Amino acid sequence: MKILNFGSLNIDYVYRVPRMVCPKETLACDGMEQFLGGKGFNQSVALARAGAPVFHAGLIGEDGGVFLDACREYGIDAGHIRRIPGRSGHTIIQVDPAGENCILLYGGANRALDEAYIEQVLADFSAGDILLLQNEVNCLDVLIRAAHRRGMRILLNPSPCNEALDACDLRLVDCLLVNEVEGEQLSGESDPARIPDAILRRYPGMSVLLTLGSRGAVFARQGQRVYQPAIRAGDTVDTTAAGDTFTGYFAAGLLEGLPVEQNLRRSAAAAGIAVTRKGASPSIPGLAQTEALLASLETV
């Protein structure tokens, strides 16, 4: 069984700010750094760091060779990544002193997928394999339908939550991974306690993973609900990749067949470490460090 992440590859420009900039305001920043990111790439890094054999597919521009180098470094199979003319996707990220962030996203090469490329990639995968998706690439509806025809298990992180999801048949999704904002947009419920049930009423065949930031996460499917508190590993520095870390580790746990409770706890520990570090993909911890944190908590 294999896991394919068909996702975005973005160059992140991260600006340290005293607070988030307001409309019509010019605000001096306290520092700027550049990292490799994109929800797709971050989640592939998390999968690899969790020990999962992960294949990444997606498009990069003429400036995207650094992603191929990074995939080799992290142990991600990049054989399905293609380079096209133009610019790779990028983000402009503001991070405040509390580690909170806001993100401006430019799609670039991520928005140039077509059906022929999708079919070419998916031909290397089969029934039972896992497909992990995010909404930072185009043709999401095509990807979902094509993977379902092959009998793949589909995990969808519908971020950003926008009109592109209207074309997607979410009944074909096996597991939906959302934060509070995305959960409210998809369910119409502002109370996080009601979000999973509202989604399951609409899509009874799927499972839902709702991440709640510093309040932990909830996994729900018909007849089961599991709550996982957040795990604190130190002072919060940057929350940019916390959700992607949780998602990647959780997907790795599904591939391993871990019990839900164990999978959630390990994912929470990894996310707890990630927020103590700067950047997106560089902040994601390895499996040994994550398990060491869990072991230390067992002795307290």
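Below, all heavy atoms of this structure are taken into account, side chains as well, without hydrogens, waters or symmetry copies. In what follows, residues are counted from 1 in the order of the sequence shown. The structure displayed is predicted, hence computed values, not measured ones.
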Is it the case that the side chains of D124 and H80 hold a donor-acceptor pair, with the cut-off being a distance below 3.5 Å and no angle test? yes
Indicate the atoms forming the closest heavy-atom contact of S8 with V137, along with that distance. N-CG1, 3.7 Å
Tell me the closest heavy-atom pair linking I154 and V173, and the distance in Å. O-CG1, 3.7 Å
Will you find, in the side chains of Y106 and T91, an N or O donor that is under 3.5 Å from an N or O acceptor? no
Taking all heavy atoms of S187 and all of I195, pick out the closest pair and write down the distance. OG-CG1, 3.7 Å
Determine the minimum heavy-atom distance between R215 and P192, stating which atoms define it. NH1-CG, 4.2 Å
State whether a side-chain donor-acceptor pair under 3.5 Å links T211 with N179. no
Checking N162 against N135: is there a side-chain donor and acceptor pair closer than 3.5 Å? yes
Without hydrogens or angle criteria, can the side chains of N138 and N110 be said to hold a donor-acceptor pair below 3.5 Å? no
Parallel under 30°, tilted from 30 to 60°, perpendicular over 60°: which one fits the rings of F250 and F219? tilted
Name of the residue among D244, T247, T245 meeting side chain to side chain donor-acceptor pair (under 3.5 Å) with N42: D244
Reference residue F67; test ring pair (Phe, Tyr, Trp, His ring centres under 6.0 Å); the match among F41, F35, Y74: F41
Between the side chains of E182 and S159, is a donor N or O closer than 3.5 angstrom to an acceptor N or O? yes
Hey, are E62 and R83 close enough for a salt bridge, meaning a charged N less than 4.0 Å from a carboxylate O? no
Under 3.5 Å, is there a donor-acceptor pair between the Q43 and N157 side chains? yes
Write down the atom of A268, the atom of P229, and the distance for their closest heavy-atom approach. CB-O, 4.0 Å
